[in-house]
Amino acid sequence: MSTAMDGSVTGAMVQAPAVRMEAVYKHYGDFTALNQIDLKVARGEKIVVCGPSGSGKSTLIRCINHIEKHDEGLIYVNGVELDHQRKNIDAIRRDTGMVFQSFNLFPHMTVLENCILAPMTVNGMSEAEAKDLAMHFLTKVRIPDQAEKFPGQLSGGQQQRVAIARALCMQPKIMLFDEPTSALDPEMVKEVLETMKKLAEEGMTMMCVTHEMGFAREVADRIVFMNEGKVVEQAAPEEFFKHPKSERARTFLDQIIH
Ligand SMILES: Nc1ncnc2c1ncn2[C@@H]1O[C@H](COP(=O)(O)OP(=O)(O)OP(=O)(O)O)[C@@H](O)[C@H]1O
């Protein structure tokens with residue numbers, strides 16, 4: 001089986017892509033934040049979404065698990081349509097783990113309580129099962145010893161790893177990251193990127209909005225470059241960094257790569 005640049009899969013077994021967006025628009029009043037987005041992400045693919053501030057990167061990610069509602073076009077997650085009647089929203093949310101810049105942990109709950117909440121309330125797991133699962137993922141992100149602490153007692157990097165573990169506890173098929181390291185002190189960035197890299201190596205489908213171009217080079221199968229609500233170009237990292245096609249991508253890369 002092989003993956004084409006547009007995210008389609010060729011070979012014996014044809015599966016629906018992890019994400020398919022067709023002519024997607026998102027408007028805020030008169031402002032068009034997403035302007036005719038056509039994008040496919042194959043299962044197992046790692047996509048880095050980059051582009052200037054305000055280009056629509058967060059909006060794109062947020063539309064995929066319906067934190068934002070797209071206005072026009074079609075979005076499918078693992079072949080299931082994200083319909084405006086919201087019939088499939090719960091299933092799609094379960095399939096898409098989301099990690100935000102600001103961690104979004106409940107401050108009054110311990111790390112473990114943060115991690116077991118959704119598996120128990122949404123997936124109907126018993127407390128014992130949910131705790132086992134949470135400890136498994138807290139071990140994976142290398143902070144099992146922090147399980148009884150409150151988020152405020154942890155470093156930013158540790159809080160973000162809790163957020164990743166919490167998302168993994170829902171056993172998602174796709175992980176969506178929205179600038180997961182941009183609120184962190186520089187020394188914390190590496191540990192979060194290492195965690196993400198490990199997930200990538202294990203075959204997780206990932207879409208990451210990030211300015212971490214070293215991570216993009218190393219981990220991404222494809223870079224999606226956005227400007228003014230559009231996907232302006234997409235290419236494998238070596239191609240994108242060496243030969244960006246658009247003037248806007250060249251300027252962007254000049255600004256962020258020193
Ligand atoms: N809730 C909202 N109401 C109105 N405008 C919004 C809203 N959310 C986003 N926008 C606008 O949509 C545009 C795209 O925003 P978005 O956050 O997706 O950009 P971005 O590329 O992720 O930017 P950044 O890199 O600065 O986070 C911006 O101009 C932003 O001001």
Side-chain angles (χ1 to χ4, degrees), residues 46-55 57-58 60-62 67 96-117 134-170 172 174-226 237-238 240-241 252-258:
K46 288 85 181 107
I47 302 285
V48 161
V49 183
C50 66
S53 180
S55 55
K57 307 180 296 291
S58 296
L60 176 86
I61 293 284
R62 293 163 76 89
I67 297 174
T96 50
M98 181 94 190
V99 175
F100 302 87
Q101 179 179 345
S102 53
F103 325 138
N104 291 11
L105 300 171
F106 292 113
H108 59 287
M109 290 183 174
T110 65
V111 163
L112 191 61
E113 286 166 351
N114 265 282
C115 289
I116 65 174
L117 183 66
M135 287 313 298
H136 169 78
F137 286 116
L138 288 169
T139 304
K140 195 184 193 70
V141 302
R142 293 185 293 106
I143 43 172
D145 48 332
Q146 308 296 321
E148 297 306 329
K149 295 215 176 128
F150 288 91
Q153 297 173 295
L154 305 184
S155 72
Q158 288 173 322
Q159 289 188 61
Q160 193 58 299
R161 283 186 283 155
V162 174
I164 294 172
R166 180 180 60 175
L168 291 173
C169 282
M170 292 300 283
I174 305 167
M175 286 289 285
L176 305 172
F177 293 90
D178 191 1
E179 300 201 27
T181 58
S182 48
L184 300 177
D185 291 336
E187 67 271 24
M188 308 285 170
V189 170
K190 196 165 163 240
E191 62 190 36
V192 171
L193 292 179
E194 284 299 322
T195 303
M196 292 166 63
K197 212 174 116 186
K198 202 162 131 198
L199 277 182
E201 284 164 2
E202 288 172 3
M204 177 63 80
T205 308
M206 292 167 62
M207 288 184 76
C208 314
V209 174
T210 182
H211 296 297
E212 295 290 339
M213 292 297 120
F215 173 83
R217 254 180 227 280
E218 207 178 335
V219 174
D221 296 309
R222 184 161 40 124
I223 310 274
V224 169
F225 175 76
M226 293 187 69
E238 59 275 18
F240 178 72
F241 289 115
F252 172 76
L253 288 173
D254 284 347
Q255 281 163 350
I256 64 163
I257 297 175
H258 312 291

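The figures that follow rest on heavy atoms only: side chains count, while hydrogens, waters and symmetry mates do not.
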Taking atom [atom1] of [X] and atom [atom2] of [Y], what is their separation to the nearest 0.5 Å?
X: M98; Y: F177; atom1: CE; atom2: CZ; value: 10.0 Å
X: C208; Y: F215; atom1: SG; atom2: CZ; value: 4.5 Å
X: K57; Y: L60; atom1: NZ; atom2: CG; value: 10.5 Å
X: L184; Y: F103; atom1: CG; atom2: CZ; value: 5.0 Å
X: K149; Y: D145; atom1: NZ; atom2: CG; value: 7.0 Å
X: M196; Y: T210; atom1: CE; atom2: OG1; value: 6.0 Å

Report the C-alpha separation of D221 and I47 in whole Å, then their side-chain angles, then the decisive distance to 0.1 Å, and conclude whether the side chain to side chain contact (heavy atoms under 4.5 Å, CB included) test is met.
CA-CA 6 Å; D221 296 309; I47 302 285; 5.8 Å; no
Taking C-beta and beyond as the side chain, do [X] and [Y] meet within less than 4.5 Å on heavy atoms?
X: C115; Y: L138; value: yes
X: R217; Y: F241; value: yes
X: T110; Y: E113; value: yes
X: K140; Y: L199; value: yes
X: I174; Y: M206; value: no
X: V162; Y: I143; value: yes
X: E212; Y: L193; value: yes
X: T205; Y: K46; value: no

Checking Q160 side chain against P180 main chain: does a donor-acceptor pair fall under 3.5 Å?
yes
Would I164 and V192 count as a side chain to side chain contact (heavy atoms under 4.5 Å, CB included) if you check the C-alpha gap in whole Å, the side-chain angles of each, and the deciding distance to 0.1 Å?
CA-CA 9 Å; I164 294 172; V192 171; 4.2 Å; yes
Considering all heavy atoms of both residues, which atom of [X] and which atom of [Y] are nearest to each other, and what is their separation?
X: G51; Y: F225; result: CA-CE1, 3.6 Å
X: A220; Y: P237; result: O-CG, 3.3 Å
X: V99; Y: A163; result: CG2-O, 4.1 Å

Does the pair M188 and D185 meet the rule for a side chain to side chain contact (heavy atoms under 4.5 Å, CB included), with working shown?
CA-CA 5 Å; M188 308 285 170; D185 291 336; 4.1 Å; yes
Any carboxylate oxygen within less than 4.0 angstrom of a Lys/Arg side-chain nitrogen, looking at E202 and K197?
no
In Q159, Q153, Q158, the residue satisfying side-chain contact (heavy atoms from CB on, under 4.5 Å) with S155 is Q158
Among D178, V224, I61, find the one that has a side-chain contact (heavy atoms from CB on, under 4.5 Å) with M207.
I61
One pair to check against side chain to side chain contact (heavy atoms under 4.5 Å, CB included): R161 and F137. What are the steps and the verdict?
CA-CA 10 Å; R161 283 186 283 155; F137 286 116; over 6 Å; no
